[in-house]
There are 2 protein chains.
Amino acid sequence: MNRLVDMQDALSQATTLEEFQTFVENLRAVYDLEHLVYHSVNSTGGQYAALTYEPVWVERYIEQDYARIDPVVQGCYRQFQPIEWKTLDWSTKASRAFLGEASEAGLGNQGFSVPIRGPSGQFALVSVNQKCNDEMWASFTSERSADLLLISHYLNEKALQIEGNPNRGPTRSLSPREKDTLTLLATGANRASIAETLKISESTLRVYIESARFKLGAANTTHAVAMALTHGLIVV
Amino acid sequence: MNRLVDMQDALSQATTLEEFQTFVENLRAVYDLEHLVYHSVNSTGGQYAALTYEPVWVERYIEQDYARIDPVVQGCYRQFQPIEWKTLDWSTKASRAFLGEASEAGLGNQGFSVPIRGPSGQFALVSVNQKCNDEMWASFTSERSADLLLISHYLNEKALQIEGNPNRGPTRSLSPREKDTLTLLATGANRASIAETLKISESTLRVYIESARFKLGAANTTHAVAMALTHGLIVV
DNA sequence: CGATCCCTCGCTATTTTGGGGGAGGGTTAA
DNA sequence: TTAACCCTCCCCCAAAATAGCGAGGGATCG
């Protein structure tokens, strides 16, 4: 387990994306893997990765927006547990084509990916890739799964830290009533029913909505609710 | 590290909530902690926990809906890293009252919590609690933080497995246009400006909003955006 | 080849929200 | 004792969103 301790030490030194990338490359070498990938995905198509794949493949992946069809990404997105690539559904046409291209780009036949989730819907995955037979791979993944979980956690922690956390700006705190209001709005209730629930007049309710909007600098109610959610001010 | 392996074995036997609860109790004993808590806060406001707190405290916690003001829950909700309770903000009146009650209920002065997130916005936290001085606690948490991360992961995996995923079944995935739409709505844009941004007519845009609402079972646009956010379908 | 979904656009009401004003009384901290 | 919040309530009117209909063309999959 020394490797993990060393890793944390080395990782704590990294403060830039370049150092992060170098770290991932070193980690690949230490574990004697074909490839190691940290891949952060967000739903709007933005993505950031530190990886050891061929640049050509990476470029094509981004250009073709393969994250949308990549069975590994899609599979991880719906699971909590790490995923063995072999267990994924490679039957669709798109998947097959994707697999073919990936093989050509030098990816091994074995793969294992760990989903990681952070606040505000942040999502990333750490994948390891190898060329070997099923038996050897099963042995590797069962022995190293705990390591991989921890590595994934530390990598994501570092990535979030380097990217800077999005909760920038002095978000003024909301009053209890404002929280109640936004929370109920987030459940889809309209002003009339919320007023009834909170046993106040709709006029009063409007004051809360408006003051919450003002405090958050939100353009409208939906915006205010979205901001409150992503800033963790309310939990629905 | 044998303890962790044993733990996984023992946990794999558990198939019911009662066994899960017993497992948590045993784990508390093994690590010689005052308390150990697995607390799942689901997005509809419901919560499920396996813990070693006094039943009276648990009842009060649920009855008063303390999850909404509990600084540990609130803090974990917006962090990726585990949290040391001492670093939280205990200055507000509600926090202080909460802390007072918690102490009376037998909670120790030291605490450490690990946030865990699963698919569809699932959120849980694992907390450990102890009565001891700062130095001893710092030593414990630094030595055991990796253990705790893994424990949290395995506990959540098991909890998800036991609970099954019936409530998250009908969440159909959103089409790209629907995601675009909800994402822009979450930024506070109105329909006119979104239509302009996406270079489509407002009529078309309305179809997306309505189909997204329908798919998510949302009562209105704000609800749909909130659901998409908490389920991790969009990221702002 | 039909079912199903996605993308695109239109119409007329009706309902809901938002903007901009007020007002009074309570608590808390400088 | 002020100032700065917080909670509560009211008015009018304009703007925006929603409900409930419709239409056609394209891709995909069984």
Side-chain angles (χ1 to χ4, degrees), chain A residues 65 68-69 71 74 89-98 170-227 233, chain B residues 69 91-97 170-226 233:
Chain A
D65 202 8
R68 285 198 194 268
I69 61 155
Q74 299 301 319
D89 176 26
W90 295 98
S91 63
T92 71
K93 213 172 93 182
S95 298
R96 245 171 232 293
F98 177 77
T171 310
R172 291 175 63 192
S173 64
L174 298 172
S175 77
R177 279 313 212 188
E178 287 159 357
K179 282 187 194 177
D180 291 343
T181 301
L182 292 185
T183 303
L184 288 168
L185 281 169
T187 68
N190 60 18
R191 300 201 300 209
S193 68
I194 295 176
E196 200 181 346
T197 303
L198 296 180
K199 295 187 175 57
I200 54 177
S201 78
E202 200 176 320
S203 307
T204 304
L205 186 74
R206 286 187 49 189
V207 178
Y208 299 147
I209 299 174
E210 278 170 32
S211 61
R213 265 207 316 263
F214 178 76
K215 281 183 181 176
L216 296 170
N220 53 38
T221 302
T222 299
H223 192 195
V225 169
M227 291 180 82
L233 299 173
Chain B
I69 61 156
S91 65
T92 70
K93 209 173 102 182
S95 297
R96 261 198 296 262
T171 310
R172 279 199 288 162
S173 64
L174 298 172
S175 78
R177 280 310 212 191
E178 287 159 357
K179 282 187 196 178
D180 292 342
T181 301
L182 291 186
T183 303
L184 288 168
L185 281 170
T187 68
N190 60 20
R191 301 201 299 207
S193 68
I194 295 175
E196 200 180 345
T197 303
L198 296 179
K199 294 184 174 58
I200 54 177
S201 78
E202 201 176 320
S203 305
T204 304
L205 185 74
R206 285 184 45 195
V207 177
Y208 299 148
I209 300 174
E210 278 169 31
S211 60
R213 267 208 313 264
F214 177 76
K215 281 183 180 175
L216 296 170
N220 53 39
T221 302
T222 300
H223 192 196
V225 169
L233 299 173

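None of these values were measured; they are calculated from a predicted model. Lettering of chains follows the sequences in order, A, B, ..., and the numbering in each one begins at 1.
Fit an axis to the five pairs at each end of the helix from C:dC1-D:dG30 to C:dA30-D:dT1 and the two axes sit 70° apart, to the nearest 10 degrees.
In this structure, of D:dC7, C:dC9, C:dT8, it is D:dC7 that holds the atom nearest to the side chain of A:Pro176. Distance from the side chain of B:Ser201 is smallest to C:dC9 among D:dC6, C:dC9, D:dT8.
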With the criterion being N/O to N/O and under 3.5 Å, what pairs connect the protein with nucleotides 27-30 of chain C, and how long is each?
{"residue": "C:dT28", "atom": "OP1", "partner": "B:Lys93", "partner atom": "NZ", "Å": "3.2"}

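Using a 4.0 Å cut-off, no side-chain N or O of B:Ser203 falls inside it from OP1 or OP2 of C:dT8.
Every side-chain hydrogen bond (donor to acceptor under 3.5 Å, both in side chains) that A:Asn190 has, sequence neighbours left out, goes to A:Ser193. Partners of A:Thr197 under the side-chain hydrogen bond (donor to acceptor under 3.5 Å, both in side chains) rule, at least two apart in sequence or in another chain, do not exist in this structure. Residues satisfying the salt bridge (Lys or Arg N to Asp or Glu O under 4.0 Å) criterion with A:Glu202, sequence neighbours excluded, are A:Arg191. Under the rule for a side-chain hydrogen bond (donor to acceptor under 3.5 Å, both in side chains), B:Ser203 has no partner lying at least two apart in sequence or in another chain. Among residues two or more places apart in sequence or in another chain, the salt bridge (Lys or Arg N to Asp or Glu O under 4.0 Å) test is passed with A:Glu196 by none. In this structure A:Arg213 satisfies the salt bridge (Lys or Arg N to Asp or Glu O under 4.0 Å) test with no other residue, sequence neighbours excluded.
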Under 4.0 Å protein heavy-atom contact, by nucleotide of nucleotides 15-20 of chain C - B base, S sugar-phosphate only: -SBBBB
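When the C1' atom of C:dT4 is taken as reference, atom NZ of B:Lys215 falls 11 Å away, rounded to whole Å.
Here the CG-OG1 distance, from B:Leu198 to B:Thr181, works out to 5.5 Å after rounding to the nearest 0.5 Å.
Comparing B:Lys199 and B:Glu178 along DNA chain C, the residue whose closest nucleotide (by nearest heavy atom) sits nearer the 5' end is B:Glu178.
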